[in-house]
Amino acid sequence: MSAKVTFRCSWLFFTALLFLSALTNCQKTDTNTRSYSVFRYNESAGISSLDPAFARAQNNIWVVHQLYNTLVEYDDQLQIKPSLAIQYSMSDDGLQYHFKLRREVYFHESHLFHPLFTRMVNAYDVVYSLRRLSDSRLAAPGSWTMNYVDKIEAVTEDSLTITLKKPFPPFLGILTMKYCSIVPAEIGNKPSGWLSKNPVGTGPFYLKLWQDNEIMILRKNPRYFERDKNGQQLPYLDAVRISFITEKQSAFLELLNERLDMISGLDASYKDEILNELGQLNPRYQKRFVLQKADYLNTEYLAFNYAKVTEQSNPWSDVRLRKAINLAINKEAIVLYLRNGAGIPARQGFVPPALNPQVVYRESFNPELARQLISSSGIPADDLRLILNTTAAYADMAELIQQDLAKVGIQLQIDVQPPSTLRQNMASGAVTFYRGSWIADYADGENYLSLFYSKNLPPAGPNYARFTDVNFDRWYDELARTTDADRRLYLISRMDSLLMEQAVVIPLMYDQVVRLVHRRAAELPINSINLLEIRRLNISAP
């Protein structure tokens, strides 16, 4: 290492220590006596990797979103807009996508780019980043995003073309996923796993310090390319401070003591403390905090293993019994008592309303009709037994469902399993009836319906319900290739209705994002894909 590089690394280490001291105390100041504006949040699940190819869980997704950019992204209305790509177009046959890149977009400083320590992003970086996902040696969970791709080619330094194997209209939505973030091609010269601890992106923040299970500090990227409508460079914040308190009640106390600016989600340890029975913020917190809610592209549901229940010897092969379960469950009570009103009872289908506006199927809580359906089936009462497989986190929900079904004569046994065991049993087909949830990978109804497509039967895909239907598959194939917006909405509605008519899935709730935010950060944006969006957040120093 040259003397110049040695001096630079020593200086960076020294300034990191100074910066950590300032941010840890959430106070002062640099040599100009300017206070830092810092957004502080807690990540109880920890952060396992800063490599976007492994940004599978929300804890990693949130921080990766601050460090990297994708070619395109969603706006607040779930419409695709440019990000690193300043322009994009699709061929008439839906097979080819052409992207024109922004100029003057720079990577974070890194010794990857010695001796200049940074450089502009080019099309070859994009080609490398997306091809990298398919590398079997990487074994990235995001590898499936490239299943639709035939070729990725750089045309010039600032333009590229992606050619698909067959038309797939939601493809731009896939490119918004954090898996598809752009990294420098020089990463290919580094050992496996290097990027996990040494992120090099183009995002609004860069990694300043990371002490495992203690603290992470992200610093404002002085070269970030985005500006606000007045021409001011983003982000407004100086830094982001992430703590790793595992106990959620302890994190809640940190918020009350003004050492955090936000907590996300409703943990049982404090939800009744902050929300009343109507899901509103308790008055004693209203002066200091803001309750944020937004519809979330997440459906909580129950599902049958269709391969098992459709066997003639199985009493649940009678669709009337499966429909009776849907009618007998008081979904409104689940949302009210278990989520303090944070959610929407699922009464129109599996696909969330935001992605299925043309509703055909609707049903309501009707235990009397459930009893009539059971009676008309002629199934003996002793055969109305069912085991629901779930995890400990949803045991209280399962117990409410158990009580509802008992009122119509269905005996439900609850089998609580560890999450990994339940996933394995769902994949192997060992369970008959199970609780699940599906968070959209991208904002398109197709993503939800893919769970019931016959070509996605395990191990090829996530059709753990093992549902097969000729009409459903035919409509799904058409949906996957048609670009006509009205036709797509019709097909989504028709397939969703078919699932409900067959009662293979029982939607319980369309989830909501819920955040308790300190008033100084009250302008924190909230969105239905639950991204932590802070590049336009402007807060005062604590």
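Sequence positions, counted from 1, serve as the residue numbers for this chain.
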* **Separation of L71 CG from I162 CD1 (nearest 0.5 Å)** => 6.0 Å

* V155 and T161: which non-hydrogen atoms are nearest, and at how many Å? -> CG2-OG1, 3.5 Å

* Asked: Does some side-chain heavy atom of L218 sit less than 4.5 Å from a side-chain heavy atom of L67?
  -> yes

* **Donor-acceptor contact present, side-chain Y124 to main-chain A185, <3.5 Å** => no

* Asked: Which heavy atom in C180 sits nearest to a heavy atom in L175, and how many Å separate them?
  -> CB-O, 3.7 Å

* P184 and Y128, any side-chain heavy atoms less than 4.5 Å apart -> no

* Does the distance from a Lys or Arg side-chain N to an Asp or Glu carboxylate O, for D444 and R488, drop under 4.0 Å? -> yes

* To do: Classify the side-chain pair D51/S49 by whether it contains a donor and acceptor separated by less than 3.5 Å.
  => no

* Asked: Looking only at side chains, do T176 and E73 share a donor and an acceptor under 3.5 Å apart?
  -> no

* Polar side chain donor-acceptor pair, S48 to N60, under 3.5 angstrom -> yes

* Asked: Quick check: are there more than 12 heavy atoms from other residues, nucleotides or ligands sitting under 6.0 Å from CZ of R137?
  -> no

* Are any of the side-chain heavy atoms of S181 and T70 separated by less than 4.5 Å? -> yes

* Has N213 got more than 12 heavy atoms of other residues, nucleotides or ligands less than 6.0 Å from its CG? -> no

* Taking N447 for its side chain and A440 for its backbone only, find out whether a donor-acceptor pair lies under 3.5 Å. => no

* Asked: Are there more than 12 heavy atoms of other residues, nucleotides or ligands under 6.0 Å from atom CG of D92?
  -> no

* Indicate the atoms forming the closest heavy-atom contact of L537 with L524, along with that distance. => CD1-N, 3.6 Å

* Check the pair V63 / W210 against side chain to side chain contact (heavy atoms under 4.5 Å, CB included), numbers first and verdict last. => CA-CA 12 Å; V63 67; W210 184 7; over 6 Å; no

* To the nearest 0.5 angstrom, please state how far the CG atom of N42 sits from the CD1 atom of I263. => 9.5 Å

* Heavy-atom closest contact (L133 atom, A53 atom, distance) -> CD2-CB, 3.7 Å

* Structure fact -> Nearest heavy-atom contact between L355 and Y448 is CD1-CE1, 3.8 Å

* **V514/Y296 under side chain to side chain contact (heavy atoms under 4.5 Å, CB included): CA gap, chis, key distance, verdict** => CA-CA 9 Å; V514 180; Y296 185 23; over 6 Å; no

* Asked: Is the side chain of R487 donor-acceptor paired with the backbone N or O of A485 at a distance under 3.5 Å, no angle test?
  -> no

* Asked: Are F289 and H518 close enough that their ring centres sit under 6.0 Å apart?
  -> yes

* Residue pair E226, R536: steps toward the salt bridge (charged side-chain N to carboxylate O under 4.0 Å, His left out) verdict -> CA-CA 10 Å; E226 283 194 276; R536 289 180 173 83; 3.2 Å; yes

* Would you say the side chain of N198 lies within less than 4.5 Å of the side chain of S110, judging by non-hydrogen atoms? -> no

* Taking everything shown except K165 itself, do over 12 heavy atoms lie less than 6.0 Å from its NZ? -> yes

* To do: Mark yes or no for whether R102, through its side chain, and S83, through its backbone, hold a donor-acceptor pair below 3.5 Å.
  => yes

* To do: Would you check if Y88 and I80 make a side-chain contact, meaning some heavy-atom pair closer than 4.5 Å?
  => yes

* **Nearest-0.5 Å distance, CZ of residue R131 to NZ of residue K151** => 10.5 Å

* Asked: Got L479 and Y453 here, is their nearest side-chain heavy-atom distance under 4.5 Å?
  -> no

* When you check the side-chain N and O atoms of R515 and N530, is any donor under 3.5 Å from an acceptor? -> yes

* To do: Run the salt-bridge test on R40 and D261 with the 4.0 Å N-O cut-off and return the result as yes or no.
  => yes

* Atom CE in M495, atom CZ in F452: separation rounded to 0.5 Å? -> 11.5 Å

* To do: Go through the steps to decide whether R423 and Y464 satisfy the test side chain to side chain contact (heavy atoms under 4.5 Å, CB included), and finish with yes or no.
  => CA-CA 9 Å; R423 284 194 298 269; Y464 301 133; over 6 Å; no

* To do: For the residue pair Y74 and N527, confirm or rule out a side-chain donor-acceptor distance under 3.5 Å.
  => no

* **Backbone N/O of A140 and side chain of R56: donor-acceptor pair under 3.5 Å** => no

* Asked: Taking NZ, NE, NH1 and NH2 as the nitrogens, is one of them in K166 or D477 under 4.0 Å from a carboxylate oxygen of the other?
  -> no

* Asked: If every non-hydrogen atom of Y301 is compared with every non-hydrogen atom of P507, which pair is closest and at what distance?
  -> CB-CA, 4.0 Å

* **Gap between atom CZ of F225 and atom OH of Y106 - 0.5 Å precision** => 13.5 Å

* Asked: How about I492 and Q358: do any of their side-chain heavy atoms sit closer than 4.5 Å?
  -> no

* Test applied, ring pair (Phe, Tyr, Trp, His ring centres under 6.0 Å); reference residue, Y97; option that passes from F168, Y148, F171 -> F171

* To do: Could you tell me whether a side-chain N or O of Q66 sits under 3.5 Å from a main-chain N or O of G203, the two making a donor and an acceptor?
  => no

* More than 12 heavy atoms of other groups within 6.0 Å of E523 CD -> no

* Validation row: I534, L237 side chains within 4.5 angstrom (heavy atoms) -> yes

* Asked: Below 4.0 angstrom, N of the basic side chain to O of the carboxylate: do R119 and E186 qualify?
  -> yes

* Check the side chains of S454 and T468 for a donor-acceptor pair under 3.5 angstrom, ignoring hydrogens and angles. => no

* Sidechain-backbone polar pair: S428 side chain, Q424 backbone, donor-acceptor under 3.5 Å -> yes

* Asked: Judged by atom type as modelled, is there a donor-acceptor pair below 3.5 Å linking the side chain of D125 to the main-chain atoms of N122?
  -> yes

* To do: Measure from the side-chain N and O atoms of S37 to the backbone N and O of D238, and report whether any donor-acceptor pair falls under 3.5 Å.
  => yes

* Just wondering, more than 12 heavy atoms not from K455 lying within 6.0 Å of its NZ? -> no

* Apply side chain to side chain contact (heavy atoms under 4.5 Å, CB included) to the pair I174 and D441, showing each step before the final yes or no. => CA-CA 7 Å; I174 287 178; D441 294 311; over 6 Å; no

* **ring-ring contact (aromatic ring centres under 6.0 Å, His included) partners of residues 46-69, not counting sequence neighbours, each pair once** => Y41-W62

* Asked: Which value, rounded to the nearest 0.5 Å, describes the distance between Y442 atom OH and T145 atom OG1?
  -> 10.5 Å

* Side-chain (N456) to main-chain (P462) donor-acceptor, under 3.5 angstrom -> no

